[in-house]
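Working notes for the structure below.
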Amino acid sequence: MFSRLFGMLSADMAIDLGTANTLVYVKGRGIVLNEPSVVAIAEIRGRKQVLAVGDEAKMMVGRTPGNIEAIRPLRDGVIADFEIAEEMIKHFIRQVHNRRSFASPQIIICVPSGSTAVERRAIQESAESAGARRVFLIEEPMAAAIGAGLPVTEATGSMVVDVGGGTTEVAVLSLGGIVYSRSVRVGGDKMDEAIIAYIRRNHNLLVGEGSAERIKNEIGSACPPPDGEGRVMEIKGRDLMNGVPKELIISERQIAEALAEPVSAIIEAVKVALEHTAPELAADIVDKGIMLTGGAALLGNLDYVLRHATGLPVSIADEPLSCVVLGTGRTLEEMKTLKNVLTTSY
Amino acid sequence: MAQRQRPSMDRSDHGHEPDDGQDPIRGRDSPSIGSELRDARLKLGQELADVASVLRIRRVFLEAIEEDHFDQLPGAPYAVGFVRAYAGHLGLDADEVVRCFKEQASGLERPADLAFPEVITESRIPRGAILLISVVLVVVAYGGWYYLSAKNITISDIIPAVPEKLASLISGKEPDAPAPDAAPTAEAPVPEPAPEPATAPAAPEVGAGEQETASAPVTEEKPKATAKTPEPAATSPPSPEPAATRPPPPETASTGTPGPSSRGGADAMSGATAPADEGGGEAPALPAPEPFASTLEALAIAPASQTRPAAAVPTAPPAPTKLQFTGVPEIPGVPPRSAALPERQPRVYGEGNSDSRVILRATRDSWIQVHGADNVLLLTRILRAGDSYRVPNRNGLTLMTGNAGALEILVDGQPVPPIGPFGAVRRDVSLDPDRLKTGLATAN
């Protein structure tokens, strides 16, 4: 009874605490926040204080003076810097949660399926100390599948590939549970790193993380174009040879080459998952194919490469970036019926 | 995020250049997205089988899309994905095609119902039935208790009394039981027969006036009586002669009857009623039984020789009446008290406690509870007005009562100071006779 009362008074929320972006879904209101998971910390008179969070902090990444630090508290899908992550969650909750509602909210947070118990505990505790009444955890592939609208509770196999910022989750789901899941720590971040490394190696040019992400979004492709160089783009950075800023033009084919390694890691994960899938479920998946979600699913031709490598139909979800938070939000809305997918370490 | 482009879609297999600039769908009033897709495919000169092999989508699904049989597709999210892939493969604006597809295919926006497989519950008594049955049981139990308490029926009342046949079988107990029963009312029966003998002998007295007065001084020990009738006493010596001349029965009668009857002397009636009062009843009562006993002895001896003449003589009847009186008084000893409460017989609890020193008697209804030394419950009940309880002669008894003023406590037959006012609740009242006498019973 009390939980219902608190539910009315508090804004329960679902959080997709991603490596790249954090999305917050508030019960009855939908997605209310979508900001990069970046925190800018300023050290003023020896004390560290939060300067900015989200978009504002992301603008500072790589451009900070000595006393300011722009930090991404999550790496590879899990919390790397506990204190900063806690500050970030607190900030987002405060931003979203109505001050007038005096009951603290119930929070559902996604965790990668491959995360360890310690990592889960860390995420849960930081949410609790950020002011949550109760914290539930949901595994990311399940949230992604629910968000993509897959019939996960039916007696039919569904395969979901969630390519996020830090991790790629491959899972086969049936009857409301995860039959097989595999999490590889390859995602958008690794692609950015691969682009930076490629440009430095081949062009002696050092580009920042932000630039690398922009390149990936604009001309990124999982496979080289059939003929020619494909689209081209101007990039700016620092020349490693003489140390001066430099500008050069890079083509789609080159980026596809750069991305070959992380993309093949993703394909490998999918193939391994398919190998471990029971034949009946594999038969279902042959018909329906693979559902691709996550921000990196928007990488050009990733679906084509996967289709080619696996021989299965590959569909990209409607809103791949927000699939996970939508699924988590739906779990929050239908807490009673979907409670089975939640875990809590109480 | 950059718009995804799919120039590579058509590369090796088909080799045609997609025209990204133009959008075949926009600007046309196309009711069917399936026919649009088919037109686009035919325009590019591709076979359905080729598309199926490139997209890895089964041909039946592609046919279903082209023929707008969306219900044959595996599910809403997959259908959207297939349409998006197909449109992209054909070089169309995938997002626009998907938007049109969603408009045309009803029910795609609705998220799939997620119902987790439920655990089959084992068959058991439904919770509602358990609740209902327990409520009924509670109501019945309360109703029964209320009914019994409203009618003042206790379990001991429900148990029938021991039938007389069986009571007579209880050998040792029976003679004992009536004895103490009569004891508290011992003074009552004695004055009771007094008036009757007074009236009964009155008949013979009429006949033998001198004889009666003459015989009076013989047994009468009261100085008053002797002072009052000195002359008759003086004249008495001659009277025995007439009495003696008469048959012996009057003699026996004269020895027996005078006790009570002659006490009043001239005012026989007033003398008879006076002993009926409880106040001074005891003094004359004590001598009274002795004359009865003597009459009995006399009757036992005398009739042996003179029953025949006694029956012949008209004055004989007093003797048999005397017999009746001697027998009767002990049985109707209780009636005078019951006359005060005609509707109910006062009860005496603890009748077996013959050595009782303390008697609790209720003048009004009062609940009492008597505990033994080791907190053993001896009695708990409501004493109705007139009921009494003979407390066993034991040490360490305590009394709890709900109405202290309604209890009259007798120690060795003597009333002791009350333990509290009317309506007062008293707990742990010691039933030690000495403490009761000193009025310290309630002080712990």
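Numbers restart at 1 for each chain; the letters A, B, ... are given by sequence-line order, proteins then strands. All values reported here derive from a predicted model rather than from experimental measurement.
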Within a radius of less than 6.0 Å around CD of B:Glu47, do more than 12 heavy atoms belonging to other residues, nucleotides or ligands occur? no
Take a 6.0 Å sphere around CZ of B:Arg38 and say whether it holds more than 12 heavy atoms from other residues, nucleotides or ligands. yes
Within the supplied structure, the quantity of interest is the number of heavy atoms (other residues, nucleotides, ligands) at a distance under 6.0 Å from A:Glu229 CD; does it exceed 12? yes
Is the number of heavy atoms from other residues, nucleotides or ligands within 6.0 Å of CE (A:Met335) greater than 12? yes
Spacing of CG belonging to B:Leu55 relative to CG belonging to A:Leu312, to within rounding of 0.5 Å: 13.0 Å
Would a 4.5 Å heavy-atom cut-off, applied to side chains only, mark B:Tyr78 and A:Pro313 as touching? no
Under 4.5 Å from any heavy atom of chain A - which part of B:Val98: side chain
Go through the atoms of A:Ser158 and report whether side chain, backbone, both or neither lie under 4.5 Å from a heavy atom of chain B. both
If you take all heavy atoms of B:Arg56 and A:Arg307, which pair is closest and at what distance? CG-CG, 3.4 Å
Heavy-atom closest pair, residues B:Pro77 and A:Ala148: CB-O, 3.2 Å
Within the 4.5 Å heavy-atom criterion, are B:Arg84 and A:Asp318 side-chain neighbours or not? yes
Tell me which of these, A:Leu175, A:Thr337, A:Val152, A:Asp287, has more heavy-atom pairs under 4.5 Å with chain B than the rest. A:Asp287
From NZ (A:Lys288) to CG (B:Leu73), nearest 0.5 Å: 12.5 Å
